[in-house]
Amino acid sequence: MKNRVVIKKPKNFIISQIADSGQTFRWDENFDGSYTIIAFNKAIRIFNDNEDIVIEGINELEFENTFKNYLDLNRDYQLVIDELKNKDKNLDEALVYGSGIRILNQDTWEMIISFIISGNNNIPRIKNSINVLSERYGKFIKEIDGKRLYSFPTPEELSVATIENLRECGLGYRDKYIYNTTKMIINKDIDLSDIKNMDIDEARIELVKLMGVGNKVADCIMLFSLNKSNSFPVDTWVKKILKDYYNFDEKNNKKINEFANDYFGKYAGIAQQYLFNYIRNKK
DNA sequence: GGCCAGGAGAAAA
DNA sequence: TTTTCTCATGGC
């Protein structure tokens, strides 16, 4: 079976928009305009061929079993956009501006660690920290464009690291969060396979037990890895959006979530992603 | 060289 | 219960 898959004329799928929308830290642009993605222990190259999307590095079976869902290709985004449009002018513009965004279905463990790192941090440094963790504790996969690529470490692989080891990875004060959370996952204080079957409120209660996971990080984990489309991460940018676009100046996280669910509905989280992308990347 | 970055935890009010 | 302070570190 050949190591190449072609997705014929996918709708609402623009590689650069997905890469830059803040939901993943392991999509990197190559010199030729293609992107390298590391996910689920694979390193793949993805690029456009006219209106088709080509993926190198996985075969048809791996695509069907893992990457089709990872790229959220089972969802018709026109239905999402139809549900969200005609609510207000800003959101309508955001839907057009980010029409190629999809919400990836990523690995829950990787999202937990990645978004613990994201707190009070900037994206280049988040990406660097994740790369260092992967190089030191993950497995070598392959080399693409002269770069050696490593899988994201499993809980078992990361559990060999001491707090001092983690500090050397440039995580800053988050080292102890990563250390303790890894221990909790290893000990099954929280069972990630259970969380997948919970509703959003139950899952949140479990996730925030992890050290370094608060409401915002829990929402990111649920939106980007647990298929919770109504999960609405509230960060500094979203607060700015709500204040500037919706005249909603509120500090209480619970009230913000209630407002978001009332106003945006079942795709509140995806709406958040369109708006986040719009305000951060336009101009 | 101060400010900011997809916040959370602990202390203080 | 809600608000304030502190936490490493690199990019700009």
Side-chain angles (χ1 to χ4, degrees), chain A residues 17-28 94 98 101-104 106 108 110-133 135-136 161-184 189-190 204-226 228-229 231-245 249-258 260 264 268-283:
Chain A
Q17 287 190 2
I18 298 170
D20 295 335
S21 59
Q23 58 177 311
T24 178
F25 305 105
R26 304 211 82 188
W27 286 43
D28 286 306
I101 291 176
R102 280 173 183 260
I103 306 294
L104 302 172
Q106 304 181 72
T108 303
E110 182 173 336
M111 290 301 96
I112 289 170
I113 299 301
S114 297
F115 279 95
I116 287 175
I117 295 172
S118 77
N120 195 25
N121 210 342
N122 57 61
I123 289 178
R125 194 167 154 238
I126 297 165
K127 293 175 81 163
N128 183 255
S129 292
I130 291 170
N131 276 333
V132 173
L133 282 182
E135 286 168 12
R136 296 197 183 180
T162 64
I163 295 184
E164 290 74 21
N165 293 151
L166 293 170
R167 177 58 62 97
E168 291 163 6
C169 294
L171 299 166
Y173 62 88
R174 306 166 191 83
D175 52 4
K176 54 188 176 296
Y177 299 165
I178 308 270
Y179 181 84
N180 285 318
T181 285
T182 302
K183 288 282 179 280
M184 290 180 74
D189 295 333
I190 288 187
R204 181 193 307 281
I205 289 170
E206 288 303 304
L207 288 169
V208 297
K209 290 178 181 172
L210 297 169
M211 192 168 198
V213 178
N215 269 313
K216 188 269 173 186
V217 170
D219 274 312
C220 285
I221 295 165
M222 293 192 285
L223 180 62
F224 301 138
S225 79
L226 293 171
K228 301 282 188 278
S229 304
S231 184
F232 191 83
V234 178
D235 68 351
T236 52
W237 290 95
V238 171
K239 282 181 180 170
K240 179 175 165 55
I241 289 166
L242 292 175
K243 186 180 176 187
D244 293 354
Y245 293 174
D249 192 5
E250 172 63 54
K251 289 177 181 175
N252 184 283
N253 229 295
K254 203 166 188 174
K255 289 182 180 173
I256 294 175
N257 273 298
E258 286 173 7
F264 298 115
I270 306 182
Q272 178 272 153
Q273 199 62 18
Y274 284 118
L275 289 165
F276 179 86
N277 176 69
Y278 180 61
I279 195 169
R280 287 216 47 196
N281 292 334
K282 72 173 181 178
K283 286 186 293 189

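Just so we're clear, the structure is a prediction, and the values are computed from it rather than from any experiment. Throughout, protein chains are lettered first and strands after them, A, B, ... in sequence-line order, and every chain is numbered starting at 1.
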Q. Do you know which two heavy atoms are closest between Leu104(A) and Trp27(A), and how far apart they sit?
A.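 Result for this residue pair: CD1-NE1, 3.7 Å.
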Sticking with atom [atom1], work out how far [N] lies from [M], rounded to a whole angstrom.
N	M	atom1	answer
dC7(C)	dA5(B)	C1'	14 Å
dG1(B)	dT9(C)	C1'	15 Å
dC5(C)	dC4(B)	P	16 Å
dA11(B)	dA8(C)	P	15 Å

Q: Evaluate whether atom NZ of Lys240(A) has more than 12 neighbouring non-hydrogen atoms of other residues, nucleotides or ligands under 6.0 angstrom away.
A: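 No, the 6.0 Å shell around NZ holds no more than 12 heavy atoms from other groups.
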Given atom [atom1] of [X] and atom [atom2] of [N], what is their separation to the nearest angstrom?
X	N	atom1	atom2	result
Asn180(A)	dA8(B)	CG	C1'	13 Å
Asn120(A)	dC3(B)	CG	C1'	12 Å
Arg174(A)	dA8(B)	CZ	C1'	10 Å
Lys240(A)	dG6(B)	NZ	C1'	15 Å
Asn122(A)	dG2(B)	CG	C1'	15 Å
Phe25(A)	dG6(B)	CZ	P	8 Å
Asp175(A)	dG9(B)	CG	C1'	14 Å
Ile130(A)	dA5(B)	CD1	P	19 Å

Q | Minimum-distance nucleotide (side-chain atoms of Arg125(A) versus dA5(B), dA8(B), dT9(C)) | A |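 Nucleotide nearest to Arg125(A)'s side chain: dT9(C).
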Q) Of all the nucleotides listed (dA8(C), dT2(C), dG6(B)), which has the minimum atom distance to the side chain of Asp235(A)? A)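 Nucleotide nearest to Asp235(A)'s side chain: dG6(B).
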Assign [X] to base, sugar-phosphate, or nothing according to its heavy-atom contacts below 4.0 angstrom with the strands shown.
X	value
Asn215(A)	sugar-phosphate
Val213(A)	sugar-phosphate
Ile123(A)	sugar-phosphate
Gly212(A)	sugar-phosphate
Leu210(A)	sugar-phosphate
Phe115(A)	nothing
Pro124(A)	nothing
Ser129(A)	nothing

**Q.** Face-to-face contact Phe276(A) to dG6(B) six-ring, under 5.5 Å, under 30°
**A.**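 Per 5.5 Å and 30° rule: yes, stacked.
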Q) Taking N and O atoms by type only, does the side chain of Tyr173(A) place a donor or acceptor under 3.5 Å from a partner on the base of dG9(B)? A)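 Counting by modelled atom types and ignoring angles, no donor-acceptor contact under 3.5 Å is found here.
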Between [X] and [N], is there a contact of a side-chain N or O with OP1 or OP2 at under 4.0 Å?
X	N	answer
Thr236(A)	dG7(B)	yes
Arg280(A)	dG6(B)	yes
Arg167(A)	dA8(C)	yes

(Q) On DNA chain B, compare the nucleotides closest to Met211(A) and Val238(A); which residue's is nearer the 5' end? (A)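 Its nucleotide being nearer the 5' end, the pick is Val238(A).
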Q. Under 3.5 Å, side chain of Arg174(A) to main-chain N/O of Leu171(A), donor-acceptor pair present?
A.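 Indeed, once roles are kept as given, a pair shorter than 3.5 Å links the two residues.
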Q) Do side-chain atoms of Ser21(A) reach the backbone of Ile18(A) as a donor and acceptor pair under 3.5 angstrom? A)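 Yes; judged by distance alone, with no hydrogens or angles, the pair exists.
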(Q) Evaluate Arg204(A) against Asp219(A) for salt bridge (Lys or Arg N to Asp or Glu O under 4.0 Å), listing each step before the verdict. (A) CA-CA 8 Å; Arg204(A) 181 193 307 281; Asp219(A) 274 312; 3.1 Å; yes
Q: Using the six-membered ring of Tyr179(A), assess whether NZ or CZ of Lys183(A) lies under 6.0 Å from its centre and within 45 degrees of the ring axis.
A: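 Relative to the ring axis of Tyr179(A), which defines the angle, Lys183(A) lies inside both limits.
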Q: To the nearest 0.5 Å, tell me how far Phe232(A) CZ sits from Phe264(A) CZ.
A: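 Going from CZ on Phe232(A) over to CZ on Phe264(A), the span is 5.0 Å.
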